[in-house]
Protein chains: 2
Amino acid sequence: MKILVVEDSQHLRRSLVVGLSNLGFTVEATGDGSEGLNLALYNQFDLIILDLMLPNIDGMTLLKTIRQENIHSKVIILSARVTVDDRVNGLLAGADDYLVKPFSFDELHARIMSIQKRGEISHFNNVIKQNDFVLDTQQKSFAYQDNLIDLTKNEFKIIEVIFSAKGNVVSTSKISESVVGHFDELSKNSIEAHLSSVRRKAKQVGGRLPVKNRRGFGYLVEQS
Amino acid sequence: MKILVVEDSQHLRRSLVVGLSNLGFTVEATGDGSEGLNLALYNQFDLIILDLMLPNIDGMTLLKTIRQENIHSKVIILSARVTVDDRVNGLLAGADDYLVKPFSFDELHARIMSIQKRGEISHFNNVIKQNDFVLDTQQKSFAYQDNLIDLTKNEFKIIEVIFSAKGNVVSTSKISESVVGHFDELSKNSIEAHLSSVRRKAKQVGGRLPVKNRRGFGYLVEQS
DNA sequence: CTTCAACCACTAAAATTTTCATTTTTTATC
DNA sequence: GATAAAAAATGAAAATTTTAGTGGTTGAAG
C-alpha cells in the first residue's frame, strides 16, 4: 500500500515515514503543499495523510483539488484545529477520517486499518501478480503457483522494484537506488548475480522468472 | 565536510544531495526557509548552499540572520535573479559566492573547491581525530598513529557516526539509521559484532578504540 | 553485601552479498 | 547469414554481514 504523507513539521513527518515504513507500507513524504498536490495528482496513492497547515497550498485546498480531479485516494486529515465545523468541512471535502493533533502513532495505525477494511473504491496494492508469480510486499513473500520461493532481502527488493514497474523498464541505477539508497551503490554485476540467483530459485519450483533485459536500459517484467 | 542544501525545487535539491554525497560530502537538505534557518543555527555546517526563493523565510533573510547569530558557515547563493545589485547584496549580506541558475554541477563543484582552498575561518571537518585515531570521512580511511586500519563499509559508518558525535552518546537505533537508513534495521547484535571487529583491528596495530558503552543508551567516544 | 537479571563483548559459524572469470546471448555490420 | 564486439548471465570464490551462543559486567533489589 502506497501512502503519501503531507506534513509541515519535519519531526512529525519523519516519525510518520519511519513508523509507516516499518509497518511495511511504501511511503513518500513532503512538507510542502504544492509539492504534495503534484505528488497526489501524478501518482496513485492508496492513502494520503494530510496536514491542513502547509506552506504554499493548504491541506483543504489540496484535498478539494484532487477530488475535483477524480483522485480517489483515501485521505486522513491531521490537524491541530478542533472545531466540529472543521471536521464536517474536511469530511465534506472528501476526507475519509480526521485525527486531532497530538495523536499517538497507534491511533493513526488503527484508523489506517479501519479504512483499509472498509476498502471500497481504492484497490490496495500490496500484492503484485505477474503470470503465475505472486509478490506480497506486506508479507515480504514471493511465490510461484503456491510454491513459496525464499528470497533474501536484496533479492526481494530487486524483484519488488521490477515488478512494481508493471512492464516498464527499470534501469540498474534505479534498482540500485531502491535497494541501497542514493548514498550507496549496488554494482550492475551484483544486480545480475542476484537476478541470476532468483531465476535459479524460480526454476527449482518449476517456474520461469518473467524478468527480461532491455540491453543498455535495464530490466522489465515480461507480460505474458 | 558537512553541507546544508536549502533549495525549494525538489528536483534540484535531490540532484544536489545525490551529487554532493557521491563526492563524499555529508549532506543535509530542506526545501523550506525556516527549517533551513533552524538547521543552520543549530548545526555546524561548513557550507550552506542557499536558494533565495524559499517558502516561509527567503534566502537573504536566512543568510542575514545566521550572520547576526555569528554562524560562520560558508555560503554559496543559488539564484535565478541576475542583477548586479543582487550579487552585491548577497555578498554584502555575507555570502561567499554566487551562482546563477541554471548552472552545471561541475561549476558548483569548482566553487566549492575554491572556497575550500581559501578556507580561512571555517575549519573544514572531514577529518575527525580522537586520541591517536584519525578518521577521514572524505578518503574513507581510518588510522591509528599512522597505521592504516582497514574497515569495511559498515564498520566505517558505525565509527563515523560515533566519532561525529564527539563525546555524546549515540543510540543503537541512531547508528542503525545512519548505516542502513530508516527502511532497514541493523540489529544491536550486529552493531556489537562490528564494533568488536573494529576493536580487534585496532588492537592489531597496538591501539585501543576509544568507544565506550553507556549501558541501555548507546555508544560514545571516550575523551582522554 | 549478595543475588539476579539484563545488558554487553566476543567468537565462531552461517548466511548473504559482492567480485572475478568465463560463457552465453544479443546486436550491428559486412 | 556470418562474424565481431558489446552486454548480460552464470558459477564459484572471496568478502562482508548477520546470527547464535557463551561468558563476563553492571546495576538494581532485597
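Hydrogens, waters and symmetry mates are skipped; everything else that's a heavy atom, side chains included, is used. Just so we're on the same page: letters track the sequence lines, and every chain starts at 1.
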Can you tell me if [X] uses its side chain to pair, donor with acceptor, with the backbone of [Y] under 3.5 Å?
X: B/Asn147; Y: B/Tyr144; answer: yes
X: A/Ser73; Y: A/Ile48; answer: no
X: A/Asn213; Y: A/Arg215; answer: yes
X: A/Asn131; Y: A/Phe133; answer: no
X: A/Asn38; Y: A/Glu35; answer: no

Figure out the [atom1]/[atom2] separation between [X] and [N], and round it to whole Å.
X: B/Leu209; N: C/dA9; atom1: CG; atom2: C1'; value: 13 Å
X: A/Asp150; N: C/dA14; atom1: CG; atom2: P; value: 18 Å
X: B/Phe217; N: C/dC7; atom1: CZ; atom2: C1'; value: 13 Å
X: B/His194; N: C/dT11; atom1: NE2; atom2: C1'; value: 15 Å
X: A/Arg214; N: C/dT25; atom1: CZ; atom2: P; value: 18 Å
X: B/Ile158; N: C/dA9; atom1: CD1; atom2: C1'; value: 14 Å
X: B/Lys203; N: C/dT11; atom1: NZ; atom2: C1'; value: 12 Å
X: B/Lys212; N: C/dA9; atom1: NZ; atom2: P; value: 11 Å

**Report entry** With A/Val5, the side chain to side chain contact (heavy atoms under 4.5 Å, CB included) member among A/Val27, A/Ile76, A/Thr30, A/Leu78
**Finding:**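 When A/Val27, A/Ile76, A/Thr30, A/Leu78 are each tested with A/Val5, the side chain to side chain contact (heavy atoms under 4.5 Å, CB included) holds only for A/Val27.
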Report task. Can you spot which of A/Asp136, A/Leu135, A/Val221 makes a side chain to side chain contact (heavy atoms under 4.5 Å, CB included) with A/Ile128? Result -> A/Leu135
Report task. Determine whether any donor atom in the side chain of B/Arg215 lies under 3.5 Å from an acceptor atom in the base of C/dC7, or the reverse, and answer yes or no. Result ->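 Counting by modelled atom types and ignoring angles, a donor-acceptor contact under 3.5 Å is found here.
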Query raised in the report: So what does B/Leu186 hit on the nucleic acid, given a heavy-atom distance under 4.0 Å: a base, only sugar-phosphate, or nothing?
Result: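 Contact class for B/Leu186: sugar-phosphate only.
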Query raised in the report: With sugar-phosphate meaning primed atoms plus P, OP1 and OP2, does B/Ser197 contact a base, only sugar-phosphate, or nothing at under 4.0 Å between heavy atoms?
Result: nothing
Query raised in the report: Is the closest basic N to carboxylate O distance between B/Arg111 and B/Asp97 below 4.0 Å?
Result: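 So B/Arg111 pairs with B/Asp97 through a salt bridge.
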**Report entry** Heavy atoms from other residues, nucleotides or ligands near CZ of A/Arg200 exceed 12 (cutoff 6.0 Å)
**Finding:** yes
Query raised in the report: Is any side-chain nitrogen or oxygen of B/Arg200 closer than 4.0 Å to OP1 or OP2 of C/dC10?
Result: no
Query raised in the report: Among C/dT25, C/dC10, C/dA21, which nucleotide sits nearest the side chain of A/Asn189?
Result: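 Ranking C/dT25, C/dC10, C/dA21 by closest atom to the A/Asn189 side chain puts C/dA21 first.
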**Report entry** Where chain B begins and ends its contact with DNA chain D, read 5' to 3' at 4.0 Å from heavy atoms
**Finding:** D/dT16 to D/dG27
Report summary line: The answer to which of B/Ile191 and A/Leu195 contacts DNA chain D further toward the 5' end, by nearest nucleotide, is A/Leu195
Query - Earlier contact from the 5' end, DNA chain D, for A/Glu192 and A/Lys153 - result: A/Glu192
Query raised in the report: Hey, what bend do you get for the helix from C/dC1-D/dG30 to C/dC30-D/dG1 if you fit axes on five pairs at each end, rounded to 10°?
Result: 30°
Query raised in the report: Mapping B/Gly218 and A/Thr152 onto DNA chain C by nearest heavy atom, which one lands closer to the 5' end?
Result: B/Gly218
Query raised in the report: Looking at side-chain heavy atoms only, is the closest gap between A/Ile49 and A/Ile112 below 4.5 Å?
Result: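 Side chain of A/Ile49 against side chain of A/Ile112, heavy atoms only: contact under 4.5 Å found.
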